[in-house]
Number of protein chains: 2
Amino acid sequence: MNTNIRLTPQRKAVLEVIKNSNDHPTAGDIIERLARDGYHFAYGTVYNSLKYLTDNGLIRELKLGEGVSRYDGNLHDHHHLQCKICGKIDEVDHDISPQWLKDIEKETGFAIESHQVMLKGICPSCREGDSG
Amino acid sequence: MNTNIRLTPQRKAVLEVIKNSNDHPTAGDIIERLARDGYHFAYGTVYNSLKYLTDNGLIRELKLGEGVSRYDGNLHDHHHLQCKICGKIDEVDHDISPQWLKDIEKETGFAIESHQVMLKGICPSCREGDSG
DNA sequence: CTTATATTTAGACTAAATCTAAAATAAGAA
DNA sequence: TTCTTATTTTAGATTTAGTCTAAATATAAG
Ligand SMILES: [Mn+2]
Ligand SMILES: [Mn+2]
Ligand SMILES: [Zn+2]
Ligand SMILES: [Zn+2]
């Protein structure tokens, strides 16, 4: 981990946008929000900044299986729950049992370094008036 | 679920390739293997077939956060473990606690329909002679 | 100030997947 | 069978997310 983090104006602006969002924005969302704030950075710069901030632990990159990366300013360990209908992403603070992970390590011989639980379902507002 | 499944020669060939693979191939891998077997289908046909087979429950589509879909002929509920170094994908039969899911439903109000645990780590053969 | 290193920029490029419109195939009715 | 309709395949264009490149700019070190 790099102790000497260099926050250029571009990186700072990207970080701010993410810290001020709680909807796990994509790179595209972030570029839009930057533009709304008057910042017009090159696409490559935004992607480089996202990589830099992720590599330095200031944000988290989420790959929820949509084919797009999302970014998260919430650094606590948590999982995500996405609504199949409206796409809304909710957070889950419960973590899975450490024993479960140990059992899998024993069984597979892998050294597990990270795990992510991706849950899909129907959110409360989409459940209202559903026909299923 | 559709009870009237129509297996065209193209769909049948794609299904065969997946059933004969245990490495969770991508669409690209599948096209390569089809070519090796003498089949030269249009890209669109292979993608359409994969969608058709997935929608009809004959195969599973996996999105492990690589930006590519993989396909799985193993229809039993299971999770996946990928090596950060060589990319190998292993299967995990342990399932997470149903109570854990119920707790999350109660807390979030979501009706959970599916869940996938994605584990990352270092596989046994990549661990041999590691310097970390 | 001068040189080396790091970063940004615009735009070309890539890879995976989807879309389109025509051609081919299969199914159903007479 | 023949006519008609629905489904599927095909080749190639298009889309989307992201990476790469090389020049320009900014920062740091001597
Ligand atoms: Mn989150
Ligand atoms: Mn599997
Ligand atoms: Zn919803
Ligand atoms: Zn490995």
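Throughout, protein chains are lettered first and strands after them, A, B, ... in sequence-line order, and every chain is numbered starting at 1. The figures here come from the full heavy-atom set of this structure, side chains too, leaving out hydrogens, waters and symmetry mates.
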(message) Between P on D/dT7 and CD1 on B/Ile5, what's the gap in Å once rounded to a whole number?
(response) 16 Å
(message) By nearest atom, which of the nucleotides C/dA10, D/dT9, C/dT8 is closest to the A/Ala42 side chain?
(response) C/dA10
(message) Do A/Arg60 and A/Tyr71 form a cation-pi contact, if we require the NZ or CZ to be under 6.0 Å from the six-membered ring centre and within 45 degrees of the ring's axis?
(response) no
(request) Could you state whether A/Ile122 and A/Leu119 fall into the same hydrophobic cluster, counting links through intermediate Ile, Leu, Val, Met, Phe, Trp or Tyr residues with side-chain heavy atoms under 4.5 angstrom apart? (result) no
(message) For B/His80 and B/His78, take the angle between the two ring planes, folded into 0 to 90°, and tell me which bin it lands in: parallel under 30, tilted 30 to 60, perpendicular over 60.
(response) perpendicular
(message) Between P on C/dA16 and CG on B/Leu50, what's the gap in Å once rounded to a whole number?
(response) 14 Å
(message) Whole angstroms only, please: what is the CD1-C1' distance between B/Ile31 and C/dA15?
(response) 12 Å
(request) Round to a whole Å and report the spacing from CD of B/Glu32 to P of C/dA16. (result) 11 Å
(message) One thing to verify: whether A/Arg11 and A/Asp55 come together as a salt bridge, which I'm taking to mean a side-chain N less than 4.0 angstrom from a carboxylate O.
(response) no
(request) Report the distance from atom NE2 of B/His40 to atom C1' of D/dG12, rounded to the nearest whole Å. (result) 18 Å
(message) By the side chain to side chain donor-acceptor pair (under 3.5 Å) test, which pairs, at least two apart or in different chains, include something from residues 96-106 of chain A?
(response) A/Gln99-A/Asp103
(request) Round to the nearest Å and state the distance from B/Gln10 atom CD to C/dA24 atom P. (result) 14 Å
(request) Flag the pair A/His76 / A/Asp93 as yes when at least one side-chain heavy-atom distance between them is below 4.5 Å, and no otherwise. (result) no
(message) Please identify which of these residues, B/Gln116, B/His24, B/Lys120, meets the side chain to side chain contact (heavy atoms under 4.5 Å, CB included) condition with B/Leu64.
(response) B/Gln116
(request) Go along nucleotides 19-30 of chain D 5' to 3' and tag each nucleotide: B for a protein heavy atom under 4.0 Å from its base, S when only backbone or sugar atoms are that close, - otherwise. (result) B-------S---
(request) Find the distance A/Asn4:CG to C/dA6:P and express it as a whole number of Å. (result) 11 Å
(message) Taking any heavy-atom pair under 4.0 Å as a contact, classify A/Thr8: base, sugar-phosphate, or nothing.
(response) sugar-phosphate
(request) Take atom NZ of B/Lys63 and atom P of C/dA16, then tell me their distance rounded to the nearest Å. (result) 14 Å
(request) Decide if the gap between the ring center of A/His79 and the ring center of A/His94 is smaller than 6.0 angstrom. (result) no
(message) Please list, in numerical order, the residues of residues 66-74 of chain A that have a heavy atom closer than 4.0 Å to any atom of DNA chain D.
(response) A/Gly67, A/Val68, A/Ser69
(request) Taking the side chain as every heavy atom from C-beta outward, state whether A/Ile30 and A/Leu34 have any pair of such atoms under 4.5 Å apart. (result) yes
